[in-house]
Amino acid sequence: DTARCVEEVKTCRGDPARLPANQRALHWAQAMVYGALLCEAAGAPDWQVGVRYVDALDHRPHPGPVRRVPADELRMLYRQARVTVCPSFGEGFDYSGVEAMRCGGVVAASDIPVHRDVYGDAAEYFSPYSAPDLVGALHRLLAPEGEPRREALRRLGEQVSVQYTPERILPQWQDFLSQIGRQRPRP
């Protein structure tokens, strides 16, 4: 039984224990999602996840604990959630929404360019700067009359998530990494 290990590396200023608990929890959630994707691509039944903080000023590492998480647990959470909320002011790529869609979930996402690019019409959007807008999006999705909208988002989400399966993404990553490996360092 082979376990894979994924470490999410985050920068911080000083002791990471001073970061707000919700920010550390978000970092763990991101690491778990990336671990699930890589684990599935590698065919491993579970993975070990770690979050390592590196001080942005002196580059000193702050290793954190490592947790072992069964891949099915994360998928079960996404399947049982009535809505997965993807709040962000700026994101490089938010895989949590794609994973939720892949598991048949519904996504409410902050209206930022990367979410629009990745999720397209398969998410209910809200302003990242407005709590009332988020509440409105959740009400539209969770109210009994929101069922047709949830079902439409599930169907659209299936189409979106197919674009990001390991079979589609891994060859692109392998090609990218092999190109980097062939480049010579600049003097």
Side-chain angles (χ1 to χ4, degrees), residues 4 6 8 20-47 49 51 67-173:
R4 306 290 184 207
V6 174
E8 175 81 2
N22 63 335
Q23 191 173 6
R24 289 192 315 267
L26 174 64
H27 294 161
W28 273 105
Q30 289 172 329
M32 289 175 62
V33 169
Y34 301 143
L37 174 66
L38 293 171
C39 180
E40 183 173 322
D46 55 11
W47 67 97
V49 176
V51 176
R67 301 177 184 169
R68 190 175 181 117
V69 182
D72 291 340
E73 275 186 33
L74 184 61
R75 289 188 196 98
M76 181 180 65
L77 288 173
Y78 282 127
R79 276 192 294 274
Q80 292 183 357
R82 294 205 42 215
V83 175
T84 297
V85 179
C86 301
S88 184
F89 294 108
E91 187 75 46
F93 181 87
D94 188 352
Y95 194 76
S96 60
V98 171
E99 186 70 14
M101 291 174 186
R102 190 163 178 212
C103 294
V106 173
V107 172
S110 53
D111 195 356
I112 60 174
V114 71
H115 285 163
R116 289 279 183 179
D117 289 345
V118 174
Y119 306 147
D121 294 331
E124 182 75 24
Y125 293 99
F126 59 89
S127 168
Y129 304 101
S130 170
D133 203 33
L134 168 58
V135 169
L138 292 174
H139 178 61
R140 288 189 299 277
L141 292 173
L142 296 174
E145 60 272 12
E147 180 55 36
R149 176 73 173 140
R150 287 193 308 271
E151 199 47 49
L153 291 176
R154 276 189 197 94
R155 284 193 307 276
L156 291 167
E158 272 182 52
Q159 296 168 15
V160 167
S161 69
V162 168
Q163 299 171 46
Y164 299 98
T165 61
E167 297 79 23
R168 302 266 314 256
I169 292 176
L170 252 119
Q172 294 173 42
W173 272 107

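Atoms considered below: every heavy atom in the structure, side chains included; atoms not considered: hydrogens, waters and symmetry mates. Here the structure is a predicted model, which is why all the values come from computation and not from measurement.
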With sequence neighbours left out, the residues meeting salt bridge (charged side-chain N to carboxylate O under 4.0 Å, His left out) with R154 are E147, E151
Roughly how far, to the nearest 0.5 Å, is CD1 of I112 from OH of Y119?
8.0 Å
Distance-only check: which donor-acceptor pairs under 3.5 Å involve side-chain atoms of residues 136-145, not counting sequence neighbours?
from : atom 1 : to   : atom 2 : distance (Å)
R140 : NE     : E124 : OE2    : 2.7
R140 : NH1    : G136 : O      : 3.3
R140 : NH2    : E124 : OE2    : 3.0

So, for V107 and G97, which heavy atoms are closest and what is the spacing to 0.1 Å?
CG2-O, 3.5 Å
What distance do F126 atom CZ and C86 atom SG have between them, rounded to the nearest 0.5 Å?
8.0 Å
Can you tell me how far OG of S88 sits from NE2 of H115, rounded to the nearest 0.5 angstrom?
5.5 Å
Say you draw a straight line from CE of M101 to OG of S96; how long is it, rounded to the nearest 0.5 Å?
9.5 Å
Quick one: do R116 and D111 satisfy side-chain contact (heavy atoms from CB on, under 4.5 Å)? Show the steps, please.
CA-CA 7 Å; R116 289 279 183 179; D111 195 356; 2.8 Å; yes
For D121, what residues pass the side-chain hydrogen bond (donor to acceptor under 3.5 Å, both in side chains) criterion, not counting sequence neighbours?
none
P87 and S110 have their tightest heavy-atom pair at C-OG, 3.9 Å
Do you know which two heavy atoms are closest between V98 and V118, and how far apart they sit?
CG2-CG1, 3.6 Å
Do you know which two heavy atoms are closest between L153 and A123, and how far apart they sit?
CD2-N, 3.6 Å
Apply side-chain contact (heavy atoms from CB on, under 4.5 Å) to residues Y164 and R102 and explain how you reach the verdict.
CA-CA 9 Å; Y164 299 98; R102 190 163 178 212; over 6 Å; no
